[in-house]
Number of protein chains: 2
Amino acid sequence: MTDPLRPGAKIGILGGGQLGRMLSVAASRLGFVTHIFEPAANPPAGQVAAQVTTASYDDTDALATFAAAVDVVTYEFENIPTAALDAIEAVRPIRPGRNALAISQDRIAEKDFLNQIGLKTAPYAAVLTLSELEAAIARIGAPAILKTTRLGYDGKGQARIMSPADAPAALAAMQGAPAVLEGFVHFSREVSVIGARGLDGSIACFDPGENVHEGGILRTTTVPARLTAAQRTDAVLIAAKILNALDYVGVMGVELFVTDAGLIVNEIAPRVHNSGHWTQNGCMIDQFEQHIRAIAGWPLGDGSRIADVVMENLIGDDVLRLPEIARTAAAIHLYGKAEAKSGRKMGHVNRIRAGK
Amino acid sequence: MTDPLRPGAKIGILGGGQLGRMLSVAASRLGFVTHIFEPAANPPAGQVAAQVTTASYDDTDALATFAAAVDVVTYEFENIPTAALDAIEAVRPIRPGRNALAISQDRIAEKDFLNQIGLKTAPYAAVLTLSELEAAIARIGAPAILKTTRLGYDGKGQARIMSPADAPAALAAMQGAPAVLEGFVHFSREVSVIGARGLDGSIACFDPGENVHEGGILRTTTVPARLTAAQRTDAVLIAAKILNALDYVGVMGVELFVTDAGLIVNEIAPRVHNSGHWTQNGCMIDQFEQHIRAIAGWPLGDGSRIADVVMENLIGDDVLRLPEIARTAAAIHLYGKAEAKSGRKMGHVNRIRAGK
C-alpha cells in the first residue's frame, strides 16, 4: 500500500494516552477516522476517537480484528510486545516500521545502531552481573547511570552511580533485568529535534527545542533553543541521518546533549514526543499532524516555526493551578485523565511570543 | 450553576456537523468530555466525541436524557425547535441563551432588535402577500432581496428582486412562508467580527475578517480585513453592544457591510461561524475554544492574532484538489463527511503569513 490514504480512511493507534489522543485529533483534521487499541478502560484518546478496542496486547485475536478494521496502524509508545506487532503486521502495515521499534526498545541496540551510523553517544556498556558493572565503572568512570535496557521511561528503571561503592545498590535496583551503564556526559544543555520522514523519503524537521527536566520528567521545552547556527544545522543533520538509516516513516523525537565536543545523541523515540508539544501553537502543522501525514503517505506539511514558544508540562498537582493559568495568555492542553497522581502528566501549556 | 466547569465535566452539543466537530475538539483540549445530539446517523462530530445520541429534535425524552447526561448544553446551529429547547432547559442550562436564539431564528425580530439598540441595518419590511411585497418594493426600492424570515442559510430561501416585475416570482419562491424584503446595501466589502462574551460579562473579539461569497456561500475570509482604524474599532464596538444587549454567553458571528455611511449589520449568528475558522491557525486560542471557555464559565482566552491568514472553504468537488493542496504550505481542516455533494462544505484551508 503506497497510495496516499484518502479522507475517510481509518487509522489504528496502539495506545490510548495523551499522545494517542492528540494523534487522533490531528488525524480527524485531515478527515481520517481513528480507532484506538488500549488495554485500560476509558483511555484519554477514546474521548476523541471514533472507536476503541479494549483488549490486552496478548490478545492476538483482538489485535488482528483491530488491524483488519483499519487501513494502517501506528502507535504512541515504543514498548509494544513483539508478538503483538507480529499479529498486526500479518494484516496491516505498521508505521513507523519494526526496525525502529526494535532499536528503541533496547538501549544497547539503540546505542550500537547510533554508533554504527557514525553518531556520538555517551560511553556505555552492557551489564548483567556485579563484576561486569564494576568493570564497566572502571572503564567508563563515575558518575554514571545504570539503566534497564528495556521498558524505561520518565526516569523509571534508573540508578545513579556516584562512585564504585554504589555498584551493588544500583544493580539491585535493576531487579535482575539486563542493564546498561551510561557514562556521564558533560553537557551545557539538552535539546531535541522532532524529525519527520514521509513514505516518499522526504524529510522535514521542526526547529530544535531546549529541554529542562525535573526528577527525570520533562518540565519545559523552549524554542528557539540556544544553539549556534552550526549546532542547529548539525542537530537536523543528525535527525535526518537516523531517519534515513531506519528507512523511517513518521515522526521521531531525537534528544541531543550539547557538549564542547559537539552534539551527542541521548536517546531516540520512534513516535511523537513530549518535547514537540510546542509545535501545536508554534507551527501551522504540528508534530501530530506531521506524523499522520507521513504514515498516511501524504506529503509532509509546512512545520515552519511562526512563534517563540515555551511549553510547560502540567504534572500531578500542577493542574490545581488551572484556574490561575486559564486567566493568563496561555494555550492549555489537557489530557482528559480522571486522577492527578504524583508524577502523572495531566496536560501542558504553551506560551507564545509572535514572530520568529 | 455559575462555578466554572472543571476538567472532566461533560458538554452537550446540539448538532453533529463540522461546527460541532470543531467545538468537540476544542472542548477536549480543555479536558472536557463531549456528547453530541444529532438526528442524522454517523455525524462528523461523532468521530471526535465521547458519546453520540442519535434522535430527533421532536423526541423530548431523548433530549431530556441527553441534557441530564451533561453539565451544560450548547449548539452549532440556531434553528433549534422551541419545544426542543424547552425540554433541555428544564434540565440543564443552554448557552448561549434563549433570547439570542429567538432573535436569530427570525430575520425580522433580529433586525428589530438591532435597530432598537441603535445599530444600522438594511431597510426591511415584513411581507406575507403580494400587495405587501409591492408596497415594500415601492418604499425600499429595487434591487432588493426577499428572504424567508426563518430557516434560511447559505443563500437558501432567498430570491433577488431586480425590478417590481420580479415580485410575483419572488413571492412564489417563498412557498408561502413569511418573508422579509431587504433593501440592497451599497457596500464596498463585507467583514465579520467573531465576538465572545464570558459568563462574567467580559468581552473579547477576534480581529475582523473580510469575507468573499460565491453563490451565497462563503468562499474566503482574509485577515486583516481592509478597514480603517476607526472602522476596526467600530466593528468591535458593534459586536460588544450586541453581546451585552443579549446578556450573551459564548461566541457570536456578526456580519457587517462596510458602506460610506458606516458599518451596517448584515446578520448575526449565535454560534461559532465559518468566517472565524481562520482563528484556528491565526491565534493561540481559536473561536471554538473561546466558545467552550465562555459556556464553561472559564475566563476568555487570548485570541490575539499572530499571523495574517486567508481561509478558503472547500465546497463540493473542491476536495478533489486535496492532493495538490496537501503539497502546499496550507493547514487543511476536513470535516469527515462521506459524500462531496455540490454546495456542501467539506472542509477548509488556512494559509498563513507569520507576523502581524
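Throughout, a chain's letter reflects where its sequence line sits, starting with A, and its residues are numbered from 1.
For a heavy-atom cut-off of 4.5 Å, chain B lies close to A:Asn281 in residues 271-281 of chain A. Within residues 309-327 of chain A, the residues approaching chain B closer than 4.5 Å by heavy atoms are, in numerical order, A:Leu322, A:Ala326, A:Arg327.
Counting heavy-atom pairs closer than 4.5 Å to chain A, the top residue among B:Cys283, B:Ala49, B:Pro44 is B:Ala49. Ranked by heavy-atom pairs under 4.5 Å with chain B, the list A:Lys337, A:His333, A:Arg351 is led by A:His333. Contact tally against chain B (heavy-atom pairs below 4.5 Å) for A:Leu300, A:Val48, A:Asp302, A:Val33: the top residue is A:Val48. No other option in B:Gly46, B:Gly282, B:Ala330, B:Gly303 has as many heavy-atom pairs under 4.5 Å with chain A as B:Ala330. Looking only at heavy-atom pairs under 4.5 Å with chain A, the residue among B:Gly347, B:Gly336, B:Ser24, B:Ala331 that has the most is B:Ala331.
For A:Ile285, the part sitting under 4.5 Å from any heavy atom of chain B is the side chain, from C-beta outward, and nothing else. Proximity to chain B (any heavy atom under 4.5 Å) is restricted, for A:Asn350, to the backbone atoms N, CA, C and O. If you measure heavy-atom distances from B:Ala27 to chain A, you find no contacts under 4.5 Å at all. Neither the backbone nor the side chain of B:Arg6 comes within less than 4.5 Å of any heavy atom of chain A. Proximity to chain B (any heavy atom under 4.5 Å) is shown, for A:Ala338, by neither the backbone nor the side chain.
Side-chain contact check for A:Ile306 versus B:Ile352: some heavy-atom pair is nearer than 4.5 Å.
In this structure, the salt bridge (Lys or Arg N to Asp or Glu O under 4.0 Å) partners of A:Arg226, at least two apart in sequence or on a different chain, are A:Glu210. Applying the salt bridge (Lys or Arg N to Asp or Glu O under 4.0 Å) test to B:Arg293 and every residue at least two apart in sequence or in another chain returns B:Glu289.
Contact between B:Leu334 and A:Leu30 at its shortest, heavy atoms only, is CD1-O, 3.2 Å.
Listed for the A:Arg29 side chain is no donor-acceptor partner under 3.5 Å among the backbone atoms of B:Tyr335.
No more than 12 heavy atoms of other residues, nucleotides or ligands lie within 6.0 Å of CG in A:Asn42, so this atom counts as exposed by the packing criterion.
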